[in-house]
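Take a look at the structure below.
First listed ligand is number 1; within each ligand, the first listed atom is number 1. The model shown is predicted, which means the values in this text are computed figures rather than measured ones. Positions are given from 1, in the same order as the sequence printed here.
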Amino acid sequence: MSGTPKRTSSTNIEGGATFRRTSNTARGSVSAVGRRSEAGLQFTRTQDDLTRPSATKKDMSEWLVKLEHMFTVTPQRMRMIVDGFVEVLEKGLAKEGEDVPMLPTYVFGWPTGQEKGAYLAVDLGGTNLRVCHVELEGDGKFEVTQTKYRLTEEQKHADGPELIDFCAECLGRFVQDHYADDDGNVILDEPLSLGFTFSYPCVQEAIDHGVLLRWTKGFGAPNIEGHDVAAMFKKSLAKFDVPVELVALINDTTGTLIASAYVDTATRAGIIFGTGCNAAYMEKISSIPKIADKGLDQTEEMAINCEWGAFDSSTHEHLPRTPYDVIIDETSNKPGQQAFEKMIAGLYLGEVFRLVMIELIDEGVLFLGQETYKVEKPFGFDTAFLSLIESDTTDELLTVTGLFSHFYSLDTTIKERQFFKRLAQLIGTRAARLSACGIAAIVSKQGYLEDGCGIATDGSLYNKYPKFPERLGEGLVDIFGEKGKGIRTYHAEDGSGVGAAVIAAMTKARLLAGK
Ligand code: GLC
């Protein structure tokens, strides 16, 4: 079944004029800083400014010792976390209402790799809304064409039905652009089949149904929690007269699992390390006691969306939370939720870094005598900046210099820059090592260690954060010893696009087979 996917670089078609596109994001300007620093145009200061008051080296190194202690997760601690994690995963399969809900997805078994046909996918998951046309060609091959729309903060908190309407409108525009004849009419033999990737915890009772348990990742649109998102989307499709049939509602992790299994049979879990953090894997239906009364074929398997970001949220007995993690939780729009995710995911790492800075500013250790209001804005320090800081290999840490002067109008001493680099390493390494604990929990629970397995992984942290994959690998060896090397993480196929299409195809095949 495995074949070489035709990795057609996904085209960004001109989005409708009414929608904001992704290209002009803040992240674009971050990389621009990197380039400027390489060219040496902006950052000429290579000596510390000795005339300005500066914290003593001792203060900073004392703080570093303290922070290293707080952020280091030892191999022994990791193994304890894994043990606790396995128990929590099992509890979630046994009973409703657990912290980690282990959500049945109604995606039954693995793809064959021979799924074929044209499908549409809508992906609402965090920063962007994406609409894709996916052509599955069989033999694990596919072609994707996509358009992205940037979601504004207002939209993330607008009335729920409005947000869902926006998704349907974008899809309608996409269908118009791709399927209309010269007169602008869309005439189809049958409605197009759609997989809707909605990457938030949904309780499903069928593949085309899903009640939003709670928003995560900073979303807060009212009037969706507790509602069937699939039904809402169908209503919006009818409202805008979009000739599309919603076949499957899926999570991005489930999509990642299935899209990667479509091209590589070694895949055993699909994990997202992006704005949020979560995992899906395939479970025997006979091992999901909480759905024993549903009359499902006990010999089959079903993908489980773990929603592991919620690990340790109510008891706080497993994770080594720092005071900074507590502040993030308490000031978030969802206090008391997603404890694990808040220590790992891209949405939060920059804020952890910023909160440490703020404490050290208050303690009179950093940026003495300077106006620091620009770093005082909550969530005003992007996780992409940690990536940049960690990637700076110049002796004088010139990218770090540029970053602080350009975005925050702050001068830095070399000692401060070295401190920031070490702090970024500590935060990034902790995220990877805790992530390794989650992977290890699935591997242990499922007995994948002996033979080794493939873990398909996607998201900006995995793909862009320096050394994140290597640190994951080191973490797995710290937990399992040499055998940990048999757990291979790799960049996943596009779960929210290709995965949604493969799942839609699998669902249609099951329906045709009368299941
Ligand atoms: C959050 C969501 C989850 C999603 C993950 C990655 O944890 O709750 O559904 O899979 O982010 O996008």
Side-chain angles (χ1 to χ4, degrees), residues 85 88-89 92 98-107 121-130 151 156 163 195-204 210-221 224-226 229-230 248-260 269-281 303-313 319 328-329 332-334 336-349 383 431 434-435 438-439 442 455-465 468 491-497 499-500 503:
F85 219 133
V88 165
L89 298 182
E98 292 293 311
D99 257 4
V100 175
M102 303 295 277
L103 301 167
T105 62
Y106 292 83
V107 173
V122 167
D123 170 19
L124 180 70
T127 324
N128 302 308
L129 171 71
R130 201 162 58 110
L151 283 172
K156 293 180 192 172
L163 176 64
F196 181 18
T197 306
F198 182 76
S199 302
Y200 303 90
C202 285
V203 178
Q204 295 190 269
V211 173
L212 177 62
L213 199 55
R214 53 180 171 254
W215 281 119
T216 54
K217 296 182 280 197
F219 269 60
I224 302 196
E225 285 173 321
V229 179
L249 181 78
I250 70 161
N251 187 261
D252 51 358
T253 55
T254 316
T256 298
L257 175 74
I258 297 298
S260 298
I271 306 194
I272 302 289
F273 296 112
T275 309
C277 174
N278 186 20
Y281 73 103
I304 294 290
N305 163 20
C306 302
E307 289 294 334
W308 77 11
F311 176 57
D312 210 27
S313 291
L319 297 171
I328 288 191
D329 183 39
S332 75
N333 71 331
K334 294 284 182 184
Q337 294 179 12
Q338 302 297 96
F340 187 56
E341 178 163 91
K342 285 171 178 163
M343 297 171 83
I344 293 179
L347 183 57
Y348 304 102
L349 297 188
T383 300
L434 292 176
S435 303
I439 297 176
I442 291 182
I455 307 285
T457 310
D458 209 352
S460 47
L461 268 189
Y462 187 83
N463 299 335
K464 297 197 185 134
Y465 199 99
F468 191 86
H491 175 65
E493 297 304 331
D494 166 17
S496 311
I503 291 171

Worksheet item: If you measure from each heavy atom of Ser199 to ligand 1, is any distance below 4.0 Å?
Response: yes
Worksheet entry | Gly309 to ligand 1, any heavy atom closer than 4.0 Å | no
Worksheet item: When you measure from atom 12 (O) of ligand 1 to each heavy atom in Asp252, Ile272, Asp458, which option holds the nearest one?
Response: Asp252
Interatomic distance, [X] atom [atom1] to [Y] atom [atom2] [nearest 0.5 angstrom]:
{"X": "Leu163", "Y": "Phe219", "atom1": "CG", "atom2": "CZ", "result": "6.5 Å"}
{"X": "Gln338", "Y": "Cys277", "atom1": "CD", "atom2": "SG", "result": "9.5 Å"}
{"X": "Asn305", "Y": "Thr254", "atom1": "CG", "atom2": "OG1", "result": "5.0 Å"}
{"X": "Ile272", "Y": "Asn251", "atom1": "CD1", "atom2": "CG", "result": "8.0 Å"}
{"X": "Ser435", "Y": "Phe468", "atom1": "OG", "atom2": "CZ", "result": "3.5 Å"}
{"X": "Glu341", "Y": "Thr275", "atom1": "CD", "atom2": "OG1", "result": "9.0 Å"}

Discussion item. Ring centroids only, cut at 6.0 angstrom: are Tyr465 and Phe273 within range, meaning strictly under it?
Written reply: no
For [X], the ligand 1 atoms whose distance to one of its heavy atoms is below 4.0 Å:
{"X": "Glu341", "answer": "1 (C), 7 (O), 11 (O)"}
{"X": "Thr253", "answer": "10 (O)"}
{"X": "Thr216", "answer": "1 (C), 2 (C), 8 (O)"}
{"X": "Gln338", "answer": "7 (O)"}

Discussion item. Starting from atom 5 (C) of ligand 1, what is the nearest protein heavy atom, named by residue and atom, and what distance separates them?
Written reply: Asn278 CB, 3.6 Å
Item to complete: Measure the distance from atom 9 (O) of ligand 1 to every protein heavy atom, then report the residue, atom name and distance (to 0.1 Å) of the closest one.
Response: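 Among all protein heavy atoms, the one nearest atom 9 (O) of ligand 1 is Glu307 OE2, 2.5 Å.
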Fill in: Side chain, backbone, both or neither: the part of Cys277 lying under 4.0 Å from ligand 1 by heavy atom
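Answer for Cys277: backbone.
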Worksheet item: Any Lys/Arg nitrogen of Lys334 or Glu225 sitting under 4.0 Å from an Asp/Glu carboxylate oxygen of the other?
Response: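 Result for this pair is yes, salt bridge flagged.
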Item to complete: Report yes if some N/O of Asn251 lies less than 3.5 Å from some N/O of ligand 1; otherwise report no.
Response: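 Looking only at distances, the answer is yes, because the N/O contact criterion of under 3.5 Å is met.
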